[in-house]
Each structure stands twice: as C-alpha cells, then as structure tokens.
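Note sheet for the following structure.
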Amino acid sequence: MSWAKWMLPALLALNGAVMMLAPAWWYPRVPGVIETGPLNDHFVRDIGAAYLACALAMAWAVRDPARGLGVAIAAAAFLTLHAAIHLITPFCGTSLPWPLLARDFPGVFLPAIVSLLVVRSCVRRQKRTA
C-alpha cells in the first residue's frame, strides 16, 4: 500500500502539467469550470503552476515526512483555501449548493483533506524523531 501515498502528488502534478501545457483542452473537461466564465489561458497556467508546486511539496513531504512539514503546510494551505472558496461559493447563489459540493468533492475537497493528513503525518514523524 506504499504506492497510495504517492497518489496525491501524482494527481496534483498531472493536473498542474495539463493546466500549464494545454489550458484550452483542460478548461472544458473539468466539471464546473466553464461556469466560472470564459477561458483565460494565463490564469489557468498560473493555477497550474500552483498545483505543480503543491505536487513537488507533497512529494517531498511523502518522501521525507520528518523534514517535509514546512512544504506540506504550504501546499495544504493552498489546497485548503481553494477548497474553502469552493465551500463558500455554492451558498452565495440561488440554486441548491449540494450538487455543486458533490461535484467538487473529488477534485477539490478530497485533495485538501488528504493534504491535511500528510501534514498530520509529518507532525507525527517530527515528534517521533525529536
């Protein structure tokens, strides 16, 4: 089961790379994205860069939990704040929020939750080595 810990960094890297290399291809394929407005290639690439940075940070933290706490916190902060936006926004509209929250769960909320679990793992590892 040691391969499972690499799922988050791998998926973040894949998403970030596609966002940076093919924003016009990525944009209509992610559920809900086209409802946010017209494609802005530069903006999609900017967010892709953030996802790649999170992937590198999470890979470091998974590989070396005792020393990866700082980068894990930084990556988890981005992913959690991104999730918070997706948590708040559906309640600002006129339609029911639950379908939007369910749609966003696998790609937004789950990565944030897993990133927080990686942070917890790093904290535990640091406590054991201290």
Side-chain angles (χ1 to χ4, degrees):
M1 187 77 160
S2 65
W3 61 269
K5 65 184 177 182
W6 292 101
M7 292 286 294
L8 179 62
L11 292 173
L12 292 172
L14 178 63
N15 186 52
V18 173
M19 289 175 80
M20 291 186 73
L21 297 172
W25 182 88
W26 176 90
Y27 199 78
R29 284 167 177 78
V30 177
V33 172
I34 58 173
E35 286 90 21
T36 65
L39 169 65
N40 178 330
D41 284 5
H42 181 94
F43 188 66
V44 172
R45 286 187 173 108
D46 283 346
I47 303 301
Y51 270 92
L52 280 176
C54 287
L56 292 170
M58 284 292 151
W60 180 1
V62 164
R63 185 177 182 278
D64 189 356
R67 295 189 303 173
L69 177 60
V71 294
I73 289 171
F78 167 74
L79 294 170
T80 302
L81 290 169
H82 178 225
I85 292 166
H86 281 256
L87 181 63
I88 294 166
T89 303
F91 290 97
C92 298
T94 57
S95 60
L96 290 173
W98 313 118
L100 300 175
L101 295 173
R103 177 201 68 201
D104 291 345
F105 184 81
V108 177
F109 299 115
L110 189 57
I113 292 166
V114 174
S115 73
L116 293 171
L117 294 173
V118 171
V119 168
R120 185 178 76 172
S121 173
C122 290
V123 168
R124 288 181 173 175
R125 182 64 66 93
Q126 278 195 350
K127 285 181 180 179
R128 278 188 251 144
T129 59

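For residues 66-81, the set of pairs meeting the salt bridge (charged side-chain N to carboxylate O under 4.0 Å, His left out) definition, not counting sequence neighbours, comprises D64-R67.
Residue V119 is tested with V114, L69, V71 for a side chain to side chain contact (heavy atoms under 4.5 Å, CB included); the sole match is L69.
Atom OG of S115 sits about 10.0 Å away from atom CG of L110, to the nearest 0.5 Å. Interatomic distance, I113 CD1 to F105 CZ, rounded to the nearest 0.5 Å: 4.5 Å. A distance of 10.0 Å separates NZ in K5 from CZ in R63, rounded to the nearest 0.5 Å. The distance from atom CG of L12 to atom CE of M7, rounded to the nearest 0.5 Å, is 11.0 Å. Between the CD1 atom of I47 and the CG atom of L52 there is a distance of 12.0 Å, given to the nearest 0.5 Å. Distance CG/D104 to CD1/I85: 11.5 Å, rounded to 0.5 Å.
Among all heavy-atom pairs drawn from C122 and A61, the shortest one is SG-CB, 3.8 Å. The minimum heavy-atom distance linking A50 with F78 is given by the pair CB-CZ, 3.9 Å. Counting all heavy atoms, side chain and backbone alike, A83 lies closest to A112 at CB-CB, 3.9 Å. Taking both residues in full, the closest heavy atoms of M58 and A76 are given as CE-N, 3.8 Å, listed atom of the first, atom of the second, then distance.
The shortest side-chain heavy-atom distance between L11 and N15 does not fall under the 4.5 Å cut-off. In this structure, Y51 and L79 have side chains that are in contact, with non-hydrogen atoms separated by less than 4.5 Å. The shortest side-chain heavy-atom distance between N40 and Y27 does not fall under the 4.5 Å cut-off. Side-chain contact between H42 and D46 is present, with heavy atoms from C-beta onward closer than 4.5 Å.
A side-chain donor-acceptor contact under 3.5 Å links T36 to the backbone of V33.
Using the six-membered ring where Trp is involved, H86 and H82 have ring planes that are perpendicular, over 60° apart on the 30 and 60° scheme.
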